[in-house]
Student: 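Take this structure, written in structure tokens, and hold onto it; I'll ask about it next.
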Amino acid sequence: MSAAFRHCRHRELEALLFSAISSASSISQLNQAHTLLYRLGLHQSSYLVAKLLRRLVDLRSLSNSYALAVFSQVPAPNSFLWTALIRTSAAAAAFGPPCPHPLVLYSLMRRALPPPPPLSFTFSALLKFCSTSRSIAMGSQLHAQTIFIGGFNEDLFVQNTLIDLYVQCGQLDLARKVFDEMLVRDIISWTSLIVAYTRHGDMGSAEELFGESPVKDMVAWTAMVTGYSQNARPSEALAAFEQMRMAGVAIDEVSLVGAISACAQLGVVKRAEGVRQIVQDYGFEKNLVVGSALVDMYAKCGLIDEARRIFNAMDNRNVYTYSTMIAGLASHGKALDAIKVFDEMTMRTEVKPNRVTLIGVLTACSHAGMVEAGRRYFTSISEVYGITPDADHYACMVDLLGRAGNAEEALELARTMPVEPNGGVWGALLGACRIHGKPHIAKIAAEKLFELEPDAIGNYVLLSNVYASAGMWNEVSNVRKLMRGRGLRKNPASSWMEARDGVVHEFFAGDGSHPMSREIKAALEELINRLKCRGYTPILSSIVYDVSESEKRRLLNGHSEKLALAFGLLTVDTGGTIRIVKNIRICEDCHLVMCLASSSENREIVVRDNMRFHHFKDGVCSCGGFW
DNA sequence: CTAGGGTTAG
């Protein structure tokens, strides 16, 4: 009787401690639970100690010595506990060489325990270790072993982990082979492979698999939304998100993040507001990742003040949140605000800046022409924050110096920097030459770029623009020949904006296919005439073809952002801001027209080009000439 | 136990 009672009490205690361990949210709480375990004499229970170890992994507080100490107090660890120990060791591999090695533990386990066949999740843990440590050799050996273990070819855990192993090691064809040979597949098998394809940029294969997959759950749908978004196909991401909702699939924070990021890429406000509404309906705006994504979305939609409000309202902010806010402010030319946020982060919070944060700070300085501040922050990267500046940081410095008119020093930096310059460095230099017209330096930068990025069309265009601005038409035609010889064609420049009903209208240069094309052209012509009365002279050097002046004028007035502007003047409510997004950099003439139009038409105009934002108001642009 | 997340550059 009393034994039965004690047994019952024991089971209750065990359950109690189990939940105490599960709910421990910090390593110190876990320690308390462990002390309790010890006092109650339950520290010898494989069941509880295994749970303790698993929780250790969940909390990412991976101390192998602690794990071993806990483990060694159990006199007769069962296979579950052994597996938990192996998992702890395998998880530690994400942060450094695990000690003891999971495979060593595995062989110890095989020696310590009587020889029933290994558990599938023990084997999965080993495979997972190979996957996180990208050990393809070890992994394929284990794979070979699984073939000889009865039942493993039908075991979903083992097979799915094998797919993951090959995916992580970049062996997509091997992952596919495992998938194709599986006797039973579940949604995880399908989704693993779909995600692998999206991460390799192969949306075609992802779509195909997704179509064939018999079950599509929230995670699978999310994988597609995120896949489109990350492969720069934001419209399709939003379409998939819409379909997902139509299919009645539940939505969570993760699915929304893909849609939010798609809105950020499109940069259109009404679409963004729609997704924001969904976020609020579900009550997800306090989520750290959702909040950070929203900050980015509003910044990229031109509503930097709204981005700031969301940022301010967040309870938790991490390095992503801060980096996003800083980069957003930088792209709007609000360098002082960006620096304030950075200072607040470094001086008042525990959040440590990373390389991306500092790129944001440097671009803030660059877009505001703050050369000396930029130099100080550059020095602080290594001296204060302990980060070794990489090529991207140097690219920011080259940009900062070059943009501010010091192309010679920028070239010197590119030549003497201690890390190998990448395309960004030479591209920044070439960009500086575009602004300040230094054909001889442009030539140096472009030659490097043609080696590093032979297919990047923009570099050829930039170089020919520099030559054209300097009237060096021979060189212009040489560059064009080079482009043709390499089979490169300019991808069309376009601008887009949302109409009142939220429909996105896209305009191409000289394009007359828009249904309102005639009205747009007429409105534009009238606008240009009004501006001419106010002293506007077209900047013909913005046209990089060697054609007659009248042809240059015609081409200038066909620029897609001017068409979008005229469309905006026709359709956006009086007093409403005209918001235009552009896929390449705005040209000097269009920039001037926007400036003048903002005052003559009494309109705020916001243009996002591929570099940054321009807020035109009362005849001036927020970029202050730095673009 | 195994699948989906946010930041950067010319």
Side-chain angles (χ1 to χ4, degrees), chain A residues 54 57 80 83-84 87 119-125 127-128 131 155-165 167 186-196 198-199 217-227 229-230 252-261 264 287-297 299-300 318-328 330-331 353-363 366 390-399 402-403 410 422-434 445 449 453 456 458-459 462 585 610-612:
Chain A
R54 281 199 296 273
V57 175
F80 289 87
T83 304
R87 278 169 48 79
L119 295 165
S120 69
F121 54 77
T122 312
F123 229 82
S124 294
L127 287 169
K128 185 70 196 165
S131 156
D155 189 289
L156 280 167
F157 296 149
V158 170
Q159 297 295 317
N160 286 340
T161 318
L162 277 171
I163 293 182
D164 180 62
L165 163 75
V167 167
D186 66 0
I187 183 70
I188 294 176
S189 334
W190 287 91
T191 311
S192 302
L193 211 54
I194 289 171
V195 168
T198 66
R199 296 220 170 123
D217 68 355
M218 179 172 73
V219 178
W221 273 103
T222 303
M224 291 304 289
V225 174
T226 309
S229 181
Q230 290 175 343
D252 73 351
E253 292 94 327
V254 185
S255 7
L256 273 161
V257 166
I260 296 171
S261 156
N287 175 281
L288 179 62
V289 181
V290 171
S292 306
L294 284 176
V295 170
D296 182 51
M297 178 182 84
K300 290 198 173 132
N318 65 7
V319 66
Y320 278 88
T321 327
Y322 277 101
S323 304
T324 306
M325 190 71 252
I326 291 168
S331 76
N354 64 16
R355 46 181 301 278
V356 179
T357 323
L358 282 147
I359 289 173
V361 174
L362 293 179
T363 32
S366 180
D390 60 24
D392 293 337
H393 295 108
Y394 280 95
C396 291
M397 282 312 283
V398 168
D399 183 54
R403 211 187 275 275
N422 60 9
V425 173
W426 298 115
L429 189 60
L430 183 55
C433 297
R434 184 203 62 94
L449 281 167
E453 310 171 340
N459 299 328
L462 263 178
R585 210 193 300 236
N610 61 342
M611 306 302 307
R612 58 167 299 154

Student: Using side chain to side chain donor-acceptor pair (under 3.5 Å) as the criterion, list what pairs up with A:N459, not counting sequence neighbours.
Tutor: A:E453

Student: Of all residues at least two apart in sequence or in a different chain, which pass the side-chain contact (heavy atoms from CB on, under 4.5 Å) check with A:L462?
Tutor: A:L430, A:R434

Student: In whole angstroms, how far is the C1' atom of B:dT2 from the CG atom of A:L193?
Tutor: 14 Å

Student: Answer with base, sugar-phosphate or nothing: what part of the nucleic acid does A:R87 contact at a heavy-atom distance below 4.0 Å?
Tutor: sugar-phosphate

Student: Tell me, please, which residues at least two apart from A:N610 pass side chain to side chain donor-acceptor pair (under 3.5 Å).
Tutor: none

Student: Rounding to a whole Å, what distance do you find between A:F157:CZ and B:dC1:P?
Tutor: 8 Å

Student: Report the residues that fulfil side-chain contact (heavy atoms from CB on, under 4.5 Å) with A:I188, sequence neighbours left out, ordered by chain and then residue number.
Tutor: A:N160, A:D186, A:S192

Student: Treating primed atoms plus P, OP1 and OP2 as sugar-phosphate and everything else as base, which nucleotides of nucleotides 3-10 of chain B get B, S or - for protein heavy atoms under 4.0 Å?
Tutor: BBBBBBBB

Student: Using the test side chain to side chain donor-acceptor pair (under 3.5 Å), find all partners of A:R403 that sit at least two apart in sequence or belong to another chain.
Tutor: A:S366, A:D399

